[in-house]
2 protein chains.
Amino acid sequence: MPNHGGELDSVLRALADPTRRAVVEMLAVSPAVVSELAAPFSMALPSLMQHLRVLEDAGVVTSEKHGRVRTVSLRPGALDVLHLWLGEQRTPAERQADRLGIHLTRSAPKAT
Amino acid sequence: MPNHGGELDSVLRALADPTRRAVVEMLAVSPAVVSELAAPFSMALPSLMQHLRVLEDAGVVTSEKHGRVRTVSLRPGALDVLHLWLGEQRTPAERQADRLGIHLTRSAPKAT
């Protein structure tokens, strides 16, 4: 079994916080500047910046500074390592259900 | 956006450790007794039991004691909350790629 090791450790730790997950949820919709990301939280800006740093260190987000404005984006494929690992942990019964689902999708009439 | 809150926090924190992920990987193959789970690790049994407790508290595994033997299983669907959350974080570009994938699966000749 492959061991995605340190990368998975840091991605999982980064996501194990509701504020950081809420930031990821916002960024999944579109990139945002730091003040937009801060708006929904009753949190001092330095605390939010700290959360962003954890997400960036884990490779979940990237950011770019233009003038005085920092724009944060979800790094494409950032969560793939976790998605992949999760897929590998399907139990035999779940895999059987997956195969049935694929069979049914293939047998279904095409969407029009 | 739905907030799976505390459940996700504890599942993510439980998985953010390589020993606990290795245990999940073993249990995805089949349930195992504690001594089998301990075998690959050079770790005192109480430390492994502590890891198992974190996984059980997070609802990732369940265990049953028969006589002196404790058997640990992956809880079916335990990782679904995380799978679901990850799916929700697909960016618009990734969603488009997903739809293309479904279209190609449906258009493909059936497996024989």
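Protein chains get the first letters and strands the later ones, always in sequence-line order, with residue 1 at the start of each.
Note on B/Val81: it does not cluster hydrophobically with B/Val54, by side-chain heavy-atom contacts below 4.5 Å among ILVMFWY residues. There is no path of hydrophobic side-chain contacts, each under 4.5 Å, that joins A/Val29 to A/Val33.
The CD atom of A/Glu88 sits 7.0 Å away from atom CD of B/Glu25, with the distance rounded to the nearest 0.5 Å.
The shortest distance between side-chain heavy atoms of B/Arg21 and A/Asp9 falls below 4.5 Å. Considering only heavy atoms from C-beta on, B/His83 comes within 4.5 Å of A/His83 through its side chain.
The parts of A/Leu15 that come within reach of chain B are both its backbone and its side chain, each placing non-hydrogen atoms under 4.5 angstrom from that chain.
No other option in B/Leu27, B/Asp17, B/Leu74, B/Leu82 has as many heavy-atom pairs under 4.5 Å with chain A as B/Leu82.
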